Amino acid sequence: MARPKRQPGEPDVRQRIGDACWELLATRRISQITVGDVAERAHCNRGTFYYHYDDMNALVNTMIEHELTAECSLPAVMFYLTAGSDLPADRQEMAARTGRVRLVMERGGMNLVFAKSLDVALGMWSAVLCPDGSPLEEKTRIAIEYAVGGTLGLLALGHGPGSSAN
């Protein structure tokens with residue numbers, strides 16, 4: 001399949017697709033959003049959507065991963081704090097990214113957020129604790145899973161960056 005053409009001055013189609021999905025998530029549950037809805041809002045066709053993503057789950061996973069791996073993301077901030085490093089200066093960006101993760105959780109994507117958050121956290125800690133590529137010890141893996149679950153639990157309750165409960 002040929003790569004869809006980008007029009008001069010237009011945002012990248014992947015960006016438009018992601019933005020369209022975020023807009024739709026503001027008013028709908030994940031299960032109520034279709035590829036057609038996203039494509040229509042992104043001003044592209046279904047073929048273009050499928051060129052970039054296998055399905056809606058792939059899109060949502062990519063969106064979650066983007067929010068979780070940015071410099072000012074919640075996992076990055078937790079990692080900085082735990083590792084004793086300086087926090088990134090842009091707390092507003094961190095709040096916005098965390099708010100997006102909360103939105104996915106609120107719209108029926110808790111399992112997706114947990115799985116992706118755990119994957120990101122394990123990757124970050126593996127890089128630091130096992131630079132030789134060896135696997136994390138089971139007790140370390142369990143501690144990370146517990147920390148991720150607890151953090152997401154607090155986030156789901158409306159506490160932490162990005163919540164209106166602050």
Side-chain angles (χ1 to χ4, degrees), residues 1-4 6 11-22 25 30-31 33 35 38 42 48-163:
M1 177 187 303
R3 182 176 176 87
R6 181 176 175 193
D12 176 72
V13 72
R14 290 176 68 98
Q15 180 68 44
R16 290 194 334 258
I17 290 170
D19 290 347
C21 193
W22 284 120
L25 273 172
I30 291 172
S31 61
I33 300 171
V35 169
V38 173
T48 300
F49 178 95
Y50 285 117
Y51 179 83
H52 294 286
Y53 302 100
D54 290 338
D55 54 25
M56 282 298 300
N57 279 340
L59 169 59
V60 173
N61 270 315
T62 299
M63 292 167 45
I64 294 167
E65 183 171 354
H66 177 76
E67 297 304 321
L68 293 175
T69 58
E71 181 180 346
C72 291
S73 68
L74 183 61
V77 169
M78 289 175 51
F79 182 80
Y80 294 140
L81 289 172
T82 308
S85 301
D86 291 334
L87 284 172
D90 195 346
R91 294 178 193 268
Q92 284 184 320
E93 182 180 345
M94 183 184 80
R97 291 189 182 286
T98 303
R100 281 185 159 184
V101 171
R102 285 186 71 230
L103 180 63
V104 173
M105 291 167 39
E106 290 169 0
R107 300 297 185 206
M110 182 64 179
N111 290 339
L112 293 171
V113 170
F114 178 76
K116 189 53 77 174
S117 297
L118 182 58
D119 184 50
V120 167
L122 289 171
M124 293 171 106
W125 284 107
S126 291
V128 170
L129 299 175
C130 306
D132 61 353
S134 62
L136 287 168
E137 291 182 21
E138 185 65 19
K139 65 183 179 181
T140 303
R141 189 176 167 77
I142 290 169
I144 293 168
E145 186 171 338
Y146 180 77
V148 168
T151 301
L152 292 177
L154 286 173
L155 196 58
L157 291 173
H159 303 288
S163 73

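Side chains included, hydrogens not; waters and symmetry mates left out as well; all remaining heavy atoms used. In this chain, numbering begins with 1 at the start of the sequence shown. Computed from a prediction, not measured in an experiment: that's the story for all the values here.
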message: Among Val38, Asp54, Val35, which residue satisfies the side-chain contact (heavy atoms from CB on, under 4.5 Å) criterion with Leu59?
response: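 Going through Val38, Asp54, Val35 one by one, the side-chain contact (heavy atoms from CB on, under 4.5 Å) with Leu59 is satisfied by Val38 alone.
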Side-chain contact test, heavy atoms from C-beta onward, threshold under 4.5 Å: evaluate it for [X] versus [Y] and give yes or no.
{"X": "Arg97", "Y": "His66", "value": "yes"}
{"X": "Trp22", "Y": "Val104", "value": "yes"}
{"X": "Leu155", "Y": "Leu152", "value": "yes"}

Quick one: side chains of residues 134-141, donor-acceptor pairs under 3.5 Å with protein atoms, not counting sequence neighbours, listed by atom name and distance.
residue : atom : partner : partner atom : Å
Ser134  : OG   : Asp132  : OD1          : 2.8

Taking all heavy atoms of [X] and all of [Y], pick out the closest pair and write down the distance.
{"X": "Ala42", "Y": "Arg16", "result": "O-NE, 2.8 Å"}
{"X": "Met56", "Y": "Cys21", "result": "CE-SG, 4.0 Å"}
{"X": "Ala156", "Y": "Met105", "result": "CB-CE, 3.4 Å"}
{"X": "Leu25", "Y": "Arg107", "result": "O-NE, 2.6 Å"}
{"X": "His52", "Y": "Val13", "result": "NE2-CG1, 3.1 Å"}
{"X": "Leu118", "Y": "Val148", "result": "N-CG1, 4.0 Å"}

field: Main-chain N/O of Asn57 paired to Asn61 side chain as donor or acceptor, under 3.5 Å
entry: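 Present.
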Spatial distance of atom [atom1] ([X]) from atom [atom2] ([Y]) [nearest 0.5 Å]:
{"X": "Leu112", "Y": "Ile30", "atom1": "CG", "atom2": "CD1", "answer": "5.5 Å"}
{"X": "Ile64", "Y": "Leu103", "atom1": "CD1", "atom2": "CG", "answer": "10.5 Å"}
{"X": "Glu93", "Y": "Thr98", "atom1": "CD", "atom2": "OG1", "answer": "10.0 Å"}

- request: Walk me through it: do Thr62 and Arg14 pass the test side chain to side chain contact (heavy atoms under 4.5 Å, CB included)?
  value: CA-CA 10 Å; Thr62 299; Arg14 290 176 68 98; 4.1 Å; yes
- request: Walk me through it: do Gln15 and Asp19 pass the test side chain to side chain donor-acceptor pair (under 3.5 Å)?
  value: CA-CA 6 Å; Gln15 180 68 44; Asp19 290 347; 2.7 Å; yes
message: Run the ring-ring contact (aromatic ring centres under 6.0 Å, His included) test against Tyr53 and tell me which residues pass, sequence neighbours left out.
response: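 If we apply the ring-ring contact (aromatic ring centres under 6.0 Å, His included) test to Tyr53, skipping adjacent residues, the hits are Phe49.
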